[in-house]
Number of protein chains: 2
Amino acid sequence: MNLLEQLQHSLLELSKSERKVAQVILADPQSAIHQSIASLAEQADVSEPTVNRFCRTMGAKGYPDFKLLLAQSLVKGTPYVNRHVEQNDTLADYTAKIFESTMAALNVTRNHVDNEGLQQAIDALNQAQKIAFFGLGASASVAHDAHNKFLRFETPVQFSDDVLMQRMAAINAKAGDVLIFISHTGRTKALCEVAALAKASDATVIGLTAADSPLARESNIVLSTQVPEDTDVYMPMASRIAQLVIIDVLVTGFTLDKGPAFRDKLRRIKASLRDSRYQKTIKDKE
Amino acid sequence: MNLLEQLQHSLLELSKSERKVAQVILADPQSAIHQSIASLAEQADVSEPTVNRFCRTMGAKGYPDFKLLLAQSLVKGTPYVNRHVEQNDTLADYTAKIFESTMAALNVTRNHVDNEGLQQAIDALNQAQKIAFFGLGASASVAHDAHNKFLRFETPVQFSDDVLMQRMAAINAKAGDVLIFISHTGRTKALCEVAALAKASDATVIGLTAADSPLARESNIVLSTQVPEDTDVYMPMASRIAQLVIIDVLVTGFTLDKGPAFRDKLRRIKASLRDSRYQKTIKDKE
DNA sequence: GTCCATTTTGTAATTAAATTACATTTTATT
DNA sequence: AATAAAATGTAATTTAATTACAAAATGGAC
């Protein structure tokens, strides 16, 4: 847990003087890390050893050590650990928790990405005759997003959130086609069955899913997202965000491999959309 | 710049003894922050004042201050600057850049969320007779995702990425209905027109879009994502991730306002999906 | 090479900071 | 109200960091 949260949390359990110290630190943590034990003691109106004892209570070896811990927890934008929303949270509370959990999930995923798998996936996509993205339920929108992204390229791309359509596509797939199956758990029976059909058709099956899951076992290439499962009913799935970012990586790799000439083409596509938009006016800038 | 990078970078410019200090720190920064100036001096085989001078060279006020800076730069996963992908990036390079840019976008959004607007939106959703999510192009998948999320509740919910369908729905909307329009730029003509129709029908129009955009002006409530526009062709839009997280916040607020009884209902919905999945076996755990 | 100026480094003294040991006060309990 | 336990503070001690200054080392200029 973050030291500041820990401080906040243990306010009630501390003795009167130690609480004073905690409050002074919480009021302005940034300045606390540049103060000496003497000045902090004075500010909190307690003695120096009290501050020292307080530091030990909080799990530090002493005052300097405590300052180090505090400094680390103050690094701006540190994605905190996964935090659960609770019934009595205010709007500001759960907003912060959701954003931070999502950032934490991305951070974890980044630290665990399988570069080799990604490279294989990008290579496969680049050589693909046809690309398809399949997902069901919550993962359908991820597949949908992926489909949108790949529409900008020449390779035919398909998306479906309908099991029957997916089955047909899987059966008709050929070697050289790449089918990407998206599932958080990797345990959705219907999707696993489609993946098995696709594999039998000699297409390349990429699973954007949990490692060691049934779907992963049907896949030629597995891209796993490593996000801790959400047992929390309130907390929306951060894993799909991680999946979306993985797809961003795939698109980017795909584009880069096409070389600089391709870049101009993308520019033209972007430009062609201009007419469908209202242009920015000076008034808007205000 | 990160202090460690700065250290690495200034290795050549340092004097012989100071370089020794830098090398010792770089070799094991984690342990350096727990050492005294004396032990560090001994390890680097230099005198204590040399270490002190080194700290000042690196921009710190003294040794303890340097340790604080070092500790902060060692915090794992300090991302958060928008970084652009370049043609010659390796897979690892652009993967890191994409993840970090996305986290940066979330961080910015978190720091700028309009709590009041969110609260209004949640209140409106809770009192809604009907909820609809509309988006076009890349924003369609965001609307799709939102639709999936809200399907778990009793309030009728609709999604469309088709302009004609959207128009019909907008014209038929009534006071008490909430229509959420999603657009990164807020300048897509077709969507703005639909929003105008919806507004004319007395429905509550929520714009999940850029502030001060045409769409924002058609909206009763604006939830803006504040993500710097991506001028980069390679970089996929981080803004839609921010939008997704905003939707997570809306869902969470919506759920919390329903109270604890509702929570159990969600549990039952979750449980009802179990049969569609392969259950975890001991073998999987390995 | 050698002289001098400059920079770098180290030694020892000084100052500042943190910690410890112990005394005093406060608090809770009977 | 008496006593034990806990909390806090005072003063002494120890440890750490810094400063002042002296000694090497380095680099030109001749």
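Numbers restart at 1 for each chain; the letters A, B, ... are given by sequence-line order, proteins then strands.
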Novice: Which whole-number value in Å describes the distance from A:E42 CD to C:dA17 P?
Specialist: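 After rounding, the gap between these two atoms is 12 Å.
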
Novice: Any chance you could measure A:T252, atom OG1, to B:L91, atom CG, to the nearest 0.5 Å?
Specialist: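 If we round to the nearest 0.5 Å, A:T252:OG1 and B:L91:CG are 10.0 Å apart.
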
Novice: Strictly by modelled atom types, are A:Q119 and A:N115 linked by a side-chain donor-acceptor pair under 3.5 Å?
Specialist: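 No pair is found: no donor N or O on one side chain lies under 3.5 Å from an acceptor on the other.
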
Novice: For nucleotides 9-27 of chain D, read 5' to 3', which letter fits each nucleotide if B means a protein heavy atom sits under 4.0 Å from the base, S means only the sugar-phosphate is that close, and - means neither?
Specialist: BB------SBB------S-

Novice: Which is it for A:T109 and A:V245 under the side-chain contact (heavy atoms from CB on, under 4.5 Å) test, yes or no, and what are the steps along the way?
Specialist: CA-CA 10 Å; A:T109 306; A:V245 179; over 6 Å; no

Novice: Is there a donor-acceptor pair closer than 3.5 Å between any side-chain N or O of B:D93 and the backbone N or O of B:T90?
Specialist: yes

Novice: Is the distance from OP1 or OP2 of C:dT7 to the nearest side-chain N or O of B:S15 less than 4.0 Å?
Specialist: no

Novice: Could you check how far CZ of A:F66 sits from P of C:dA18, rounded to whole Å?
Specialist: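 Atom CZ in A:F66 sits about 13 Å away from atom P in C:dA18.
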
Novice: Looking only at atom types and distance, does a side-chain atom of B:Q72 sit under 3.5 Å from a main-chain N or O of A:A71, one as donor and one as acceptor?
Specialist: yes

